[in-house]
Asks: 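Supplied in C-alpha cells, the structure appears directly below.
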Amino acid sequence: MSPAILTHLTVSSSDDASADGSADFADRASMMEVRLQAQEDEITLLKSSLADALRKLRLHDHPPSQGRTLARKGSLSPSVPRACNSRTPSLRGSLWLRGHWPSCIVSPAVKRKIRRKKKKEEGNRKRNASRGTIARIGAAPQRNWPHPRHRSEPQTPTSAPAPAPCPPSRKERRNQQSIKMFIRGRPITMYIPSNIQNYEDLKMEPPFERLELDWVYGYRGRDCRDNLYFLPSGEAVFFIACVVVLYHINNRTQRHYDKHTDCVRCLTLHPDKVRMASGQTAGVDKDGKPLHPCVHIWDSTTLVTLQQIGLGAFQRGVGCVAFSFADSGAFLCVIDDSNEHMLSVWDCNKGTRHAEVKNTNEAVFCVEFNSNDSTNIITCGKSHVYFWTLSAGQFTKKQGIFGKYKKPKFIQCFVFSLTGDVLTGDSEGNILTWGKSAADVKTLGKGAKETFQIMRQTRAHEGSVFTLCSLQGGAVLSGGGKDRKIIRWSADLAPERECEIPENYGAVRTISDVDGEELLVGTTRNAILRGTFSDGFVAIVQGHMDEMWGLATHPSQNIFITCGHDRQVCLWKTEEHKLDWCITLEEYGLCADFCPNGSVVSVGLSTGRWMVLDLLTREVVSESIDGNEQLSVMRYSPDGSFLAVGSHDNFIYIYNVTESGRRYTRFGKCNGHSSFITHLDWSKDGKYIMSNSGDYEILYWDVAAGCKLLRNRFESKDREWASYTCVLGFHVMGVWLEGSDGTDINALCRSHSERMVAVADDFCKVHLFQYPCPKPKAPSHKYEGHGSHVTNVCFTHSDSHLLSMGGKDTCILQWRVIRGGPGDSREKLASTSTSSPEPATTLSQRGERTQGSGSPNYVQPVKLATNLACKRRR
C-alpha cells in the first residue's frame with residue numbers, strides 16, 4: 001500500500017494541548033477506515049476473478065444445445081449467466097449490462113488458479129512502477145478471450161454466444177482519465193479535467209507574452225572589490241549576478257549589459273572612459289559539466305560586445321582585470337582563479353595572449369599596470385606585494401620587502417601616487433608607501449639588484465583599509481572597514497577631511513570619484529551610497545546580503561516584499577524602483593504573503609514562528625508559533641478569512657482571520673503528508689487547499705469540513721484555484737524537464753490572467769510557459785540573468801511585471817511583461833498542468849493554439865506513453 005493511502009488527518013479546533021492528545025482516537029479510526037477500504041477493494045477484485053473463472057468453467061462443463069442459434073446483438077443466451085468482469089475495458093458498440101455475482105462453492109483448483117493470476121498481475125504492476133516514465137493510466141489487463149469485434153463467426157450452430165462485456169466501473173473510468181508521472185521512481189497520478197476531450201491533440205506552444213529585463217535590485221559588495229565606476233555619461237557602473245548595471249544617478253534609469261553566462265566577478269574601465277572589461281566565473285551546465293570563463297570587452301554606450309578574451313584559457317573564473325594606461329589601453333591584464341592564480345597579458349585588439357606566468361597559491365585581490373609604464377605590473381593579496389616586469393614576452397618578479405615593519409596578513413588594495421610610488425592599504429589599518437631601493441651590496445653581495453621596500457607607514461584606519469582612490473591633484477581617499485570611515489589625504493598623506501557612513505550600510509568596500517567633491521561608495525552590506533563629506537551620504541542602491549526565499553506581491557499596489565537568510569524583511573516599490581522600508585528580525589524569514597485587504601503581511605520564519613506586520617507602522621500586530629521547524633509557505637484564502645501555514649513538520653496549520661487581518665485563531669490542522677510542505681494553493685471559493693510535499697505528494701483538503709483530507713482526488717480534477725504555485729499538478733506537468741529529480745524546479749507562479757506561468761529553476765533560469773501546459777516537454781521562453789538557483793517568482797497584481805529572486809546571488813530581477821499575439825481574443829486551453837523548463841523557442845515556431853472542448857461528458861482518452869525518466873542530476 002502506497003504512503004499516500006496511509007495518510008490521515010487530524011482536526012485541531014483550539015490551541016490547547018488537549019487537541020493533540022485527542023487526535024489519537026481520530027488517527028486510529030482513520031487508519032481502520034483505510035484498511036476497511038483496502039479490504040473492500042480486494043474483495044471486489046476477488047469477485048471479479050471468481051466470476052470470470054466460473055463463466056469459463058460453466059462454458060466448458062455445459063456446452064449449449066445444438067439447436068441454439070446465436071443471439072441477436074445486444075442479447076444473451078438464457079443458458080449463459082450474465083457474469084460481468086469488473087475489470088473488463090469498455091468496448092464501443094457493446095451493450096452494458098449489470099452483472100450478477102453467483103453464489104456457489106468454489107473448488108480448490110479454482111482458488112489456486114485465482115491466486116496464481118493475482119500474483120502475476122501484482123508482479124506486472126510492480127514492474128511498471130519501477131520504470132521512470134509518464135504513462136497513461138487505465139489500460140486494464142486484457143483477458144485471454146478475443147475482442148468481440150475480432151471473433152470469427154460461428155461455423156456451426158453449436159457455437160456458444162459470447163456474453164456482452166460489462167460497463168467500466170467507476171474506478172476504471174477514473175484510471176482512464178489520468179496521467180501517471182514518475183519522479184525518482186515515485187508515481188504521481190494526475191487526473192485530466194473534464195473539459196479536455198482529447199489529451200493527445202493538445203498543442204503546447206510558448207506564450208505570446210515575453211519578458212524584458214526592467215530593473216535590477218542589489219549590488220555585489222560583500223565579496224568583490226573595485227567594482228564601482230562612474231562614467232562621463234552620468235552613469236554608475238556596477239554588477240550583481242550575471243548582469244552589469246549602468247545606473248544614471250540623476251535620471252534614475254538603468255541599462256544592462258547581460259551577455260555574461262555566469263556570475264560577474266570583476267570590472268574595469270578603459271582609459272577612454274567608454275570601453276569596459278568584465279570577467280565571470282566558470283560555472284557549470286545543467287549536467288554538472290564546467291563551463292569556460294572569459295573576459296568581455298564591451299562598449300558602454302552601445303552595450304555591444306567588442307571582444308571576448310580567453311575563452312578556454314582560464315580556470316574556475318576570472319578574479320581580476322586591468323587595462324594598461326601608458327599605451328591607451330592596448331593591453332589587458334587578467335588573473336584567474338586557478339590554484340596558481342595565473343597572470344596573463346592580452347592584446348585587446350587581436351584578442352591574443354601576449355604573456356603568461358604563475359603568480360602565487362595565495363589569494364590575489366588586485367592587479368594594475370603602472371600608470372607610466374605598461375611593462376610594469378603590480379599584484380597584491382594575502383601576505384604579498386609583487387612587482388612584475390614584462391620583457392620580450394617573459395615575466396620577472398620582485399617581492400616587496402617589509403623589512404622592519406610588521407608584515408600584514410592581507411594587502412587589500414593599492415594606487416599609484418603622482419611621484420610613481422605605490423600606496424597599499426592593508427589589514428592592519430596602515431597605508432604603506434613603496435619605492436625602489438638601491439641594491440644592498442654589503443648584505444646581499446655583488447650582483448644584488450634593486451628591491452622594492454617600504455618607504456613610509458601611515459596609520460589610517462581602525463581595522464582594514466579596504467579601498468584607496470586617487471583624485472586629480474594627487475589627493476587620495478581611503479575607506480575603512482571596522483571604523484566605516486572615509487578619509488581624504490593630501491598628496492603627502494596628511495589627513496584633510498573625514499566622515500563616517502551609517503552602521504546599517506556596513507563597511508566601505510570601494511570608492512568612486514564623481515566630480516572631485518561628490519563620491520559614490522560601495523559597501524559590504526551590498527549598498528551604494530552617494531554624497532559628500534559635508535552633506536553626508538544617502539543610499540541610491542540597496543539589496544539583500546544573503547540567500548533569499550520569501551517573495552510576495554501586493555494584491556492591489558505596485559509593491560512587493562522579500563525576506564531571506566540575512567534576517568531582513570524589505571518592502572520594495574516597483575514603479576519607483578527603490579526600497580521603501582526594511583526591518584531586521586531575530587530569525588531569518590523564508591516565506592511571506594499579503595492579506596487580500598492589503599493592510600498587513602505575514603512572514604514565516606526558520607523556527608516555526610510567524611508574525612504579521614502592519615505595512616504602514618511596520619509593527620508586529622500578531623505572532624504565533626507552529627511547531628519547531630521552519631515554515632515554507634504562507635497563503636491567505638481569496639477572501640482573507642483563512643490563513644494556511646505550511647511547515648517542515650509535515651502539517652498545514654489553518655487559522656481564522658478577523659479584524660482585517662489583525663487577529664488569528666487556530667481553526668484546524670491538515671495532517672496527512674508524509675514529508676515537509678513545499679507549496680499550497682486555495683480554491684477560488686476558499687473551501688479547499690491543494691498542497692505539495694517534499695516527497696512529491698499532491699493532496700487535497702476540505703477546509704470547510706474541518707481540514708478533512710479528500711481521499712478521492714479524482715473529484716478535485718475540475719476544481720478552480722485562486723492561485724497556482726504548486727509545482728506538481730496536471731496543469732503544470734509540462735514544466736518538468738526530462739531527467740528532473742524533483743528539486744530542479746523551486747517555484748512557479750501563474751499569472752492573474754491565467755494565460756502564462758513563470759518557473760524558477762535550479763539552473764539560474766527563469767522560464768515563461770503558456771498556461772495551462774499539461775504535456776511533457778512544453779516549449780517556453782528562457783531568460784538568464786541570475787547567477788544562482790532561482791528561489792522564487794511572482795507576478796505583480798496587474799501582470800505588468802514579473803519578479804524573480806536569486807538564492808546566493810542576492811539579486812532581485814524585475815521583468816517587464818511584453819504583450820504579443822492576438823491578445824485577449826486568444827483561445828485558452830483547459831485548466832491546470834505541470835511542466836518542465838525547456839530551451840526557449842523562436843517566434844517562428846509559434847502556431848495556432850488548440851482548445852479542448854468544455855463538454856463535461858466523459859470521452860474515451862487517447863493513450864500516451866511519454867518517457868520522462870526522472871533521474872537525479874549529477
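What you see is a predicted model, and the numbers here were worked out from it, not measured in a lab.
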Asks: Is the distance between the ring centroids of Tyr217 and Phe560 less than 6.0 Å?
Replies: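 Yes - the distance between ring centres of Tyr217 and Phe560 falls below the 6.0 Å cut-off.
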
Asks: Treating Asn526 as the side-chain partner and Arg222 as the backbone partner, does any N or O pair qualify as donor plus acceptor under 3.5 Å?
Replies: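 Flag set: sc Asn526 to bb Arg222 pair under 3.5 Å.
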
Asks: Is a donor on one side and an acceptor on the other found under 3.5 Å between the side chain of Gln254 and the backbone of Val216?
Replies: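 Between the backbone of Val216 and the side chain of Gln254 there is a qualifying donor-acceptor contact (under 3.5 Å).
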
Asks: Is it the case that the side chain of Ser622 and the backbone of Tyr664 share a donor-acceptor pair, with hydrogens and angles ignored and the cut-off at 3.5 Å?
Replies: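 No: the side chain of Ser622 does not pair with the backbone of Tyr664.
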
Asks: Of all the heavy-atom pairs spanning His260 and Ser278, show the shortest one and how long it is.
Replies: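 The answer is NE2-OG, 2.6 Å.
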
Asks: Are the ring centres of Trp610 and Tyr653 closer than 6.0 Å?
Replies: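 No, they do not, as the ring centres are separated by 6.0 Å or more.
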
Asks: Looking only at side-chain N and O atoms, does Gln280 offer a donor or acceptor that is under 3.5 Å from a partner on Thr261?
Replies: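 Per modelled atom types, Thr261 and Gln280 side chains form a pair under 3.5 Å.
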
Asks: List the atom of Gly787, the atom of Cys242, and the distance in Å for their closest heavy-atom pair.
Replies: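 Looking at all heavy atoms of both residues, the closest pair is CA-SG, 3.7 Å.
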
Asks: Measuring from atom CE of Met690 to atom OH of Tyr700, what distance do you get when rounded to the nearest 0.5 angstrom?
Replies: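 Atom-to-atom, Met690:CE and Tyr700:OH are 5.5 Å apart.
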
Asks: Could you label the plane-to-plane angle of the Tyr257 and His296 rings as parallel, tilted or perpendicular, counting under 30° as parallel and over 60° as perpendicular?
Replies: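 Tyr257 vs His296 ring planes: perpendicular.
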
Asks: Taking atom CD as the centre, does Glu659 end up with more than 12 heavy-atom neighbours from other residues, nucleotides or ligands that are less than 6.0 angstrom away?
Replies: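 More than 12 within 6.0 Å, yes.
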
Asks: Is the shortest heavy-atom distance from the side chain of Leu643 to the side chain of Asp593 under 4.5 Å?
Replies: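 Result no, sub-4.5 Å side-chain heavy-atom pair not found.
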
Asks: Of all the heavy-atom pairs spanning Cys726 and Asp681, show the shortest one and how long it is.
Replies: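 Residues Cys726 and Asp681, closest heavy atoms: N-OD2, 2.9 Å.
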
Asks: Just wondering, are more than 12 heavy atoms of other shown residues or ligands nearer than 6.0 Å to CD in Glu212?
Replies: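 Atom CD in Glu212 is packed in, count exceeds 12.
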
Asks: Assess whether side chain to side chain donor-acceptor pair (under 3.5 Å) is satisfied between His679 and Asn692, documenting all intermediate values.
Replies: CA-CA 5 Å; His679 307 84; Asn692 292 167; 4.5 Å; no

Asks: Would you say Met548 and Ile812 make side-chain contact, with heavy atoms under 4.5 Å?
Replies: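 Yes, side chains in contact.
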
Asks: Which heavy-atom pair separates Cys224 from Arg265 by the least distance, and what is that distance?
Replies: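 In this case the closest contact between Cys224 and Arg265 is SG-O, 3.8 Å.
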
Asks: Hey, are His544 and Asp566 close enough side-chain-wise for a donor-acceptor pair under 3.5 Å?
Replies: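 Per modelled atom types, Asp566 and His544 side chains form a pair under 3.5 Å.
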
Asks: Can you find a heavy atom in the side chain of Val541 that is under 4.5 Å from one in the side chain of Phe238?
Replies: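 Counting from C-beta outward, Val541 and Phe238 do come under 4.5 Å.
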
Asks: Give a yes or no on whether the backbone of Trp549 and the side-chain of Asn792 come within a donor-acceptor separation of less than 3.5 Å.
Replies: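 Yes.
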
Asks: Please tell me if the side chains of Phe642 and Ile689 come closer than 4.5 Å, counting only heavy atoms from C-beta onward.
Replies: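 Of all side-chain heavy-atom pairs linking Ile689 with Phe642, none is under 4.5 Å.
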
Asks: Within the side chain of Asp262, is there an N or O that forms a donor-acceptor pair under 3.5 Å with the backbone of Thr281?
Replies: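 No; zero donor-acceptor contacts below 3.5 Å.
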
Asks: Please report the closest heavy-atom contact between Val633 and Thr678, naming both atoms and the distance.
Replies: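 Result for this residue pair: CB-O, 4.3 Å.
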
Asks: Does Arg530 reach the main-chain N or O of Ile540 with its side chain, forming a donor-acceptor pair under 3.5 Å?
Replies: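 Not a single qualifying donor-acceptor pair exists.
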
Asks: If the threshold is 4.0 Å, N to carboxylate O, is there a salt bridge linking Arg662 and Asp614?
Replies: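 Yes.
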
Asks: Classify the ring geometry between Tyr247 and Trp215 as parallel (under 30°), tilted (30 to 60°) or perpendicular (over 60°).
Replies: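 Ring orientation, 0 to 90° scale: perpendicular.
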
Asks: Quick one: does Tyr655's side chain get under 4.5 Å of Arg666's, heavy atoms only?
Replies: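 Answer yes - side chains close enough.
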
Asks: Is it the case that more than 12 heavy atoms not belonging to Arg816 sit under 6.0 Å from its CZ atom?
Replies: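 Counting other residues, nucleotides and ligands, CZ of Arg816 exceeds 12 neighbours.
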
Asks: Would a distance-only check, ignoring hydrogens and angles, find a side-chain to backbone donor-acceptor pair under 3.5 Å from Asp799 to His752?
Replies: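 Answer holds: yes.
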
Asks: For Phe230 and Ile249, what are the C-alpha separation, side-chain angles and deciding distance, and is it a side chain to side chain contact (heavy atoms under 4.5 Å, CB included)?
Replies: CA-CA 10 Å; Phe230 185 76; Ile249 61 175; 3.5 Å; yes

Asks: What heavy-atom pair brings Glu754 and Trp721 nearest, and what distance separates the two atoms?
Replies: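 For Glu754 versus Trp721, the nearest heavy atoms are OE2-O, 4.5 Å.
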
Asks: Using modelled atom types only, decide if a donor and an acceptor are shared between the side chain of Gln814 and the backbone of Thr574 within a distance under 3.5 Å.
Replies: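 Yes, Gln814 side chain to Thr574 backbone: donor-acceptor pair under 3.5 Å.
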
Asks: Does NZ or CZ of Arg719 come closer than 6.0 Å to the centre of the six-membered ring of Tyr688, within 45° of the ring's axis?
Replies: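 Verdict for Tyr688: a cation-pi partner in Arg719.
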
Asks: Does any non-hydrogen side-chain atom of Cys670 lie less than 4.5 Å from one of Ile654?
Replies: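 Of all side-chain heavy-atom pairs linking Cys670 with Ile654, at least one is under 4.5 Å.
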
Asks: So, the side chain of Arg255 versus the backbone of Thr302: is there a donor-acceptor pair under 3.5 Å, distance only?
Replies: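 Checking the backbone N and O of Thr302 against the side chain of Arg255, no donor-acceptor pair under 3.5 Å is found.
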
Asks: A side-chain contact here means heavy atoms from C-beta on lying under 4.5 Å apart; do His256 and Val245 qualify?
Replies: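 Touching, per the 4.5 Å side-chain cut-off.
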
Asks: Checking Thr725 against Ser723: is there a side-chain donor and acceptor pair closer than 3.5 Å?
Replies: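 Looking only at side-chain atoms, Thr725 and Ser723 do not form any donor-acceptor pair under 3.5 Å.
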
Asks: Go through it in stages, so that I can follow the logic: the residues are Lys808 and His789, the test is side chain to side chain contact (heavy atoms under 4.5 Å, CB included), and I'd like the CA-CA distance, side-chain angles, deciding distance and then a yes or no.
Replies: CA-CA 7 Å; Lys808 290 295 185 180; His789 55 290; 4.2 Å; yes

Asks: Could you tell me if the side chain of Thr553 sits less than 4.5 Å from the side chain of Leu803, heavy atoms only?
Replies: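 Answer yes - side chains close enough.
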
Asks: Distance-only, no hydrogens or angles: does the Arg509 side chain make a donor-acceptor pair with backbone N or O of Arg220 under 3.5 Å?
Replies: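 Checked: no pair found.
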
Asks: With a cut-off of 6.0 Å (strictly less than), are more than 12 heavy atoms of other residues, nucleotides or ligands near NZ of Lys259?
Replies: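 Yes - once you tally the heavy atoms of other residues, nucleotides and ligands closer than 6.0 Å, there are more than 12.
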
